[in-house]
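These notes concern the structure reproduced below.
Heavy atoms only: backbone and side chains are in, while hydrogens, waters and symmetry mates are out. Quick note on labels: first sequence line is chain A, next is B, and so on, each numbered from 1.
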Amino acid sequence: MYYSHLLIPTLKEPPADAEAVSHKLMVRAGFVRQLAAGLYIYLPLGQRVIEKINRIIREEMNAIGGQEVTMPVLNPAEVWQQTGRWDAIGDEMFRLKDRGGRDMCLAMTHEETMAWLAAHDLRSYRDLPQVWYQIQTKLRDEARPKSGVLRTREFIMKDSYSFDRDEAGLDVSYQRHLEAYKKIYTRCGIRFSVVQSDTGLMGGSQAHEFMAPSQAGEDDIAICDSCGYAANVELAESVPSQHKTHNWKFEEVATPEKRTIDEVTRFLKVTPDLLIKSILVITNDGPILALIRGDHMLHEKKLAKAIGQHRPAQKEEVKDILGVSAGFIGPMGHRIKKIADPCLKQGVYAAGANKEGFHLTGISAEKHFADAEFMDIHTAQAGDACTVCGKPIRIERVIEVGNIFKLGTKYSVPLKAYYLDENGAEKPIIMGSYGIGPARIAAAAVEQGNDENGIMWPLAIAPFHVQIIPVNAKDQQSLKVAEDLSAILEKKGFEVLVDDRDERAGVKFKDADLIGIPYRIVIGEKNLKEGMVEIKERKSGVVEKVVIADAPFAIEKKIHKEGGN
RNA sequence: CGGGGCGUAGCGCAGCCUGGUAGCGCACUUGGUUCGGGACCAAGGGGUCGGAGGUUCAAAUCCUCUCGCCCCGACCA
């Protein structure tokens, strides 16, 4: 393939509004262009990367018996109404009406339509198990698209769905997907962790996420290096580090205008872990006071699990309910229901006195708020002890590149996806759903593989395997050698990009570094006179001089060694 | 949804405070010199200054509204 025939609009400067490294590089190197917030155009190079990732996904999905299908993006409201998600999902779903005034939506996922199909065309236990998948566009009206291709409103997703007769069958389908996913990410050349995750909106009994470490990510995971425990902080459990006990008397201390943990900490000359953070939230059944240690963060989702839907109280509400302004509220002096983190059972603390301008010191759970309900509601943080082995955990920022869920009968029952077992009894099909975001794999690869000069693609998903640069494209002999080498390499099954542009060497080298094709053959006139060319590896920068005829074999050897594809 | 920032040539920006001729770098076109790490010289093309309304003799600049894009937050006590 000739460079001059391709649209590869590289830029010297990154777009001003790009923040994430992958975003900057994918735009600069001419892989993508942004059309509007969260809407991206894939240019030829970007398209090639996505297609390579998709090919790997297809191979691994087919290997576990997946059957590729295609669902409509435009969905009738009915199927979503049957599962209740038409109402459960808010503004994130694009909704529209057809010309007849019927409610429609653009699918953000396909549990409903897949279950609909299962309901219509799976009848007998003999039809099970099944795994159906598609690689197709999803639409989500994200509150805040960001980080380039990482969070967009329209994106391609590989989603698969398993249909089994019982939980044991689901376990098998789930495990197969888990293994297939590991292979997919490994083949794509990205680093990743498999972690336990929250089942959230999808419902179901068990879920894992596949997380690629990167600063550009939006999730944090807790990892224990000694026993292998790994979980999304959304549900990660941990034992907070013990703090030294402070022997202070039970007394009221005037703390005028000292409201925040930070202010009170400084005023009392203690560390934050000696304070109790009190957070008032409003549930459907009235206010609840959440109590956590001062150096901890409240975990919204854990709290939600304990008390159901809730929202933080407004400042005025705090005053109405507790009779004191936010900043001085605490566990004592009122009858509001309290949920406290278990780590507060030990130790003696200071907290708001529930009296304007005062805090209380010397508070202990046992003596002063034994009536609280104790539940894990803190967010795991680095240095906490692993609940499995007791060793310290670490927290890592990650990009979610895939997830798998055991759904059970959440979708099959409302959509009437039943089968008849051997005894003629009607039973609901047990489902699982499994997603991968190819664009996120690409972005994660860029996040994990780049240097100051540009991208360093993993071989398996690089837009081309080899870039050939005739330094002087006007020199007929250089071009001829480039063409010959390209033909030989292509015959061997490699993808080759020949930079035939009439540009100065520096421009070609800079662009090559930016685009990040793993191997480069440089054809210079001086070397050519000796019958030699250079082979350069993008990642290591190592240059090797070889005789022309050996170049294809040298490349082949390197590629086989790296084991791409 | 809350807060902040920004919309001027394809990209990156200046000009706006203090109204009066729309500018710079890169990219692009043509010619010449150069040619292994983003060359140089010369000559060019390209703009309804996001949009609408208003103030004014006069608006990129001032006022009002609106649209778009980006970032942070949605974990105070």
Ranking B:A77, B:C70, B:C13 by distance to the side chain of A:Ala16, first place goes to B:C13

Hey, is the side chain of A:Asp511 pairing donor to acceptor with the base of B:G38 inside 3.5 Å?
yes

Please work out if A:Gly352 contacts a base, only the sugar-phosphate, or nothing of the nucleic acid, heavy-atom cut-off 4.0 Å.
nothing

Does CZ belonging to A:Phe250 count more than 12 external heavy atoms closer than 6.0 Å?
yes

Expressed in angstrom and rounded to an integer, what is the separation of A:Arg501 atom CZ from B:A27 atom C1'?
13 Å

Using a 4.0 Å heavy-atom cut-off, does A:Pro145 contact any base of the nucleic acid, only the sugar-phosphate backbone, or nothing at all?
sugar-phosphate

Spacing between A:Asp17 atom CG and B:C72 atom C1', to the nearest angstrom:
15 Å

With a 3.5 Å cut-off and just heavy-atom distances, do the side chain of A:Glu503 and the base of B:G37 make a donor-acceptor pair?
no

Taking N and O atoms by type only, does the side chain of A:Lys536 place a donor or acceptor under 3.5 Å from a partner on the base of B:G37?
yes

If you only use heavy atoms from C-beta on, which nucleotide in B:G37, B:G12, B:C69 is closest to the side chain of A:Glu13?
B:G12

Any donor-acceptor pair under 3.5 Å linking the side-chain atoms of A:Tyr40 with those of A:His23?
yes

Separation of B:A74 P from A:Glu92 CD (nearest whole Å):
18 Å

Name the nucleic acid region contacted by A:Val522, choosing base, sugar-phosphate or nothing; use a 4.0 angstrom heavy-atom cut-off, strictly under.
base

How long is the line joining OH of A:Tyr40 and C1' of B:C70, in whole Å?
10 Å

Take the protein atom NZ of A:Lys474 and the nucleotide atom P of B:C35, then report the distance between them rounded to whole Å.
11 Å

Looking only at atom P, what distance separates B:G10 and B:U48, rounded to whole Å?
8 Å

From the list B:G37, B:C71, B:A39, which nucleotide is the closest neighbour of the side chain of A:Glu19?
B:C71

Could you work out the separation of B:A14 and B:A22 based on their C1' atoms and round it to a whole Å?
11 Å

Just checking A:Pro9: base, sugar-phosphate only, or nothing, at a heavy-atom cut-off of under 4.0 Å?
nothing

Under 6.0 Å from the CD atom of A:Glu530, do we count more than 12 heavy atoms belonging to anything else shown?
yes

Indicate whether OP1 or OP2 belonging to B:A27 is found under 4.0 Å from a side-chain N or O atom of A:Lys12.
yes

Determine the contact category for A:Arg28: base if any of its heavy atoms lies under 4.0 Å from a base atom, sugar-phosphate if only primed atoms, P, OP1 or OP2 are that close, otherwise nothing.
base

Have A:Asn403 and A:Glu209 got a donor and an acceptor in their side chains that come within less than 3.5 Å?
no

Separation of the C1' atoms in B:G32 and B:G47, to the nearest angstrom
30 Å

Test side chain to side chain contact (heavy atoms under 4.5 Å, CB included) applied to A:Arg538 and A:Arg520, step by step:
CA-CA 7 Å; A:Arg538 174 65 182 88; A:Arg520 182 185 311 174; 4.2 Å; yes

B:C62 and B:G20: how far apart are their P atoms, nearest whole angstrom?
11 Å

5'-most contact on RNA chain B (nearest-nucleotide basis), A:Glu534 vs A:Pro14, goes to A:Pro14

Categorize A:Gln34 for me: base, sugar-phosphate, or nothing, with a 4.0 angstrom heavy-atom threshold over every strand shown.
sugar-phosphate

For A:Arg151, report the nucleic acid contact type (base, sugar-phosphate, nothing); a contact means any heavy atom under 4.0 Å.
nothing

Tell me: CZ of A:Arg33 to P of B:G10, nearest whole Å?
14 Å

Considering Watson-Crick and G-U wobble pairs with both distances under 3.5 Å, what does B:G68 pair with?
B:C6

What's the CG-C1' distance between A:Asp499 and B:G37, to the nearest Å?
13 Å

Base, sugar-phosphate, or nothing: which does A:Ala36 touch, judged by heavy atoms less than 4.0 Å apart?
sugar-phosphate

Between B:G12, B:A77, B:G38, which nucleotide has the shortest distance from any of its atoms to the side chain of A:Pro15?
B:G12

Could you tell me whether A:Gln381 contacts a base, only the sugar-phosphate backbone, or nothing, with contacts defined as non-hydrogen atoms closer than 4.0 Å?
nothing

From the options B:G38, B:G36, B:C72, select the nucleotide whose nearest atom is closest to the side chain of A:Thr10.
B:G38

Please confirm whether the backbone N or O of A:Gly330 pairs with a side-chain atom of A:His334, one donor and one acceptor, at under 3.5 Å?
yes

B:G4 and B:A43, which share atom name C1', separated by this distance in whole Å:
46 Å

By the 4.0 Å heavy-atom rule, please label A:Leu280 as base, sugar-phosphate, or nothing.
base

Hey, does A:Ser478 reach any base, or is it just sugar-phosphate, or nothing, if we go heavy atoms under 4.0 Å?
nothing

Separation of the P atoms in B:C1 and B:G46, to the nearest angstrom
42 Å

A side-chain contact here means heavy atoms from C-beta on lying under 4.5 Å apart; do A:Cys105 and A:Trp86 qualify?
yes

Assign A:Asn527 to base, sugar-phosphate, or nothing according to its heavy-atom contacts below 4.0 angstrom with the strands shown.
base

